[in-house]
A.B. asks: 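There's a structure below that I have some questions on.
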Protein chains: 2
Amino acid sequence: MKNTRQERQADTRKAILQTALGLVAEKGLDKLSLREIARRVGYSPAGLYEYFDSKEDILWTLAKEGDSRLRRAALNIRPELPSTERLIQACLAYVDFSVHNAEYFIIINSLTTHRASLEEPASSESSYSVFLKIIEAAIDEGEIISRDNFCAEEITYSLWALIHGMGMLRLTQLRNFNADFESINRKAIETFIIGLK
Amino acid sequence: MKNTRQERQADTRKAILQTALGLVAEKGLDKLSLREIARRVGYSPAGLYEYFDSKEDILWTLAKEGDSRLRRAALNIRPELPSTERLIQACLAYVDFSVHNAEYFIIINSLTTHRASLEEPASSESSYSVFLKIIEAAIDEGEIISRDNFCAEEITYSLWALIHGMGMLRLTQLRNFNADFESINRKAIETFIIGLK
DNA sequence: TATAATACCGAACACTGTTCGGAGAAAATC
DNA sequence: GATTTTCTCCGAACAGTGTTCGGTATTATA
């Protein structure tokens, strides 16, 4: 064999994760079956247990990956922009990722419903800490005022709830609803920020 | 037998629903088993099919019930209050119900993830229409101004996203997080409304 | 009282996630 | 290069799932 054992192990893990993610996108999370993953990846069901401890382990790995990508999406904003505009664009990027990578978003939320929060501090505070930093910058620059003891952390939580709800509603209750969500979402975020001045 | 057939049918249906709801609260939605419901209600698994077409039918019925109660929670606000305060309290009631009746909230959102929206117009637009009416009243009274083509429907959607996200985050990512959420949520909603003036 | 409709169950079917023991292949040791 | 150890992978089985079907009591209707 050409590749080393570790490389092949890593490749197989990736293949399993990729297949699982595709199946979630295709058939929905509740129809995701370990046996179907095995079938598509060319293994027996038992064979997968050489690479993951359980089905939940697979989903957990995907959740961490998705969380990391969600974070990067919010982080990848042009830094030369004024901090409020940076905040708005980070929010919009968060919602955009949630909607266009619904598989990840659904997996993340299905797991955290029945467990604690994501372990690693970096991943855990993930998106949250990204927004917190931008908001703190905006406060420093005087573009936002934290009146009424509405501190940076609380503002961050509130904005997080807003954009999280936007993504969630879009994928659930408003799934078949057509509207110019991007424009509406921008107005909503702007409105909230105006209330902070 | 004392009761008529219809009465007994209705009673059994209620018992099944109640048992299912309790099991969701106790063990989580993904651990909900039709056989366990049957065990607790004193029936064989097959027997339940005399009362519901499927397990999903049970959950669907619960989702409609929960949606209706959620709506009533938001509706049950003292009408003599100024419309903005009514709006704030309706929002807080929505979040409060979501958090304290997590079973319902989880069922509603798990179903609408994989289906269309709730059928009946009354239930479907449910909470949405409640908030829409209050917001329209607030606009009429001049307490809120819809600038920038940010119309009543869009404002309603935005507020809905905000409070929906609050409930969702609380039950998932922030499950083990302690804070005075009621006070923070109020400040967040107020901030948004201030942005509408 | 005879007949029709309902309520309920046991058994079976096709699934599910997971475990275990044992093969065969690859790597490490000698 | 031969031998031992480690790693892969699978078949079979277990306990669990939702659902269907045929049959049997029980209840309501005629």
A.B. asks: Within less than 4.0 Å of OP1 or OP2 of D:dT8, is there a side-chain N or O belonging to A:Q9?
C.D. replies: yes
A.B. asks: According to a 4.5 Å side-chain heavy-atom criterion applied to Ile, Leu, Val, Met, Phe, Trp and Tyr, with indirect links allowed, do B:I77 and B:L87 form part of one hydrophobic cluster?
C.D. replies: no
A.B. asks: Check for me whether the distance between the ring centres of B:Y128 and B:Y157 falls short of 6.0 Å.
C.D. replies: no
A.B. asks: Can you tell me the distance, in whole Å, between the CG atom of A:D30 and the P atom of D:dG18?
C.D. replies: 13 Å
A.B. asks: Heavy-atom count around B:N149 CG within 6.0 Å, excluding the residue itself: above 12?
C.D. replies: no
A.B. asks: Take atom CG of A:L29 and atom C1' of C:dT16, then tell me their distance rounded to the nearest Å.
C.D. replies: 14 Å
A.B. asks: Whole Å only: how far is the CD atom of A:E50 from the C1' atom of C:dT18?
C.D. replies: 14 Å
A.B. asks: Within this structure, what is the CG-to-P distance between B:L23 and D:dT17, rounded to whole angstrom?
C.D. replies: 11 Å
A.B. asks: Without decimals, in angstroms, what is the distance between A:R5 CZ and D:dC7 C1'?
C.D. replies: 4 Å
A.B. asks: Does D:dA28 have OP1 or OP2 under 4.0 Å away from a side-chain N or O of B:R8?
C.D. replies: yes
A.B. asks: Report yes or no: do B:F177 and A:L111 belong to one cluster of Ile/Leu/Val/Met/Phe/Trp/Tyr joined by side chain heavy-atom distances under 4.5 Å?
C.D. replies: yes
A.B. asks: How are the rings of A:Y94 and A:H164 set to each other: parallel, tilted or perpendicular (split at 30° and 60°)?
C.D. replies: tilted
A.B. asks: Once the angle between the rings of B:F192 and B:F150 is folded into 0 to 90°, is it parallel (under 30°), tilted (30 to 60°) or perpendicular (over 60°)?
C.D. replies: perpendicular
A.B. asks: What I want to find out is whether A:E65 reaches A:K14 closely enough, with some N-O distance under 4.0 Å, to be called a salt bridge.
C.D. replies: no
A.B. asks: Just the rounded figure in Å: distance from P of C:dT18 to CG of A:D57.
C.D. replies: 10 Å
A.B. asks: Which part of the nucleic acid does B:S54 contact within heavy-atom distance under 4.0 Å: base, sugar-phosphate only, or nothing?
C.D. replies: sugar-phosphate
A.B. asks: Which of residues 31-47 of chain B have a heavy atom under 4.0 Å from DNA chain C?
C.D. replies: B:R35, B:G42, B:Y43, B:S44, B:A46
A.B. asks: Without decimals, in angstroms, what is the distance between B:R13 CZ and C:dA7 C1'?
C.D. replies: 15 Å
A.B. asks: Whole angstrom is fine here: how far is it from CG in B:L48 over to C1' in D:dT19?
C.D. replies: 11 Å
A.B. asks: Can you tell which of C:dT6, D:dT8, C:dT19 lies closest to the side chain of A:Y49?
C.D. replies: C:dT19
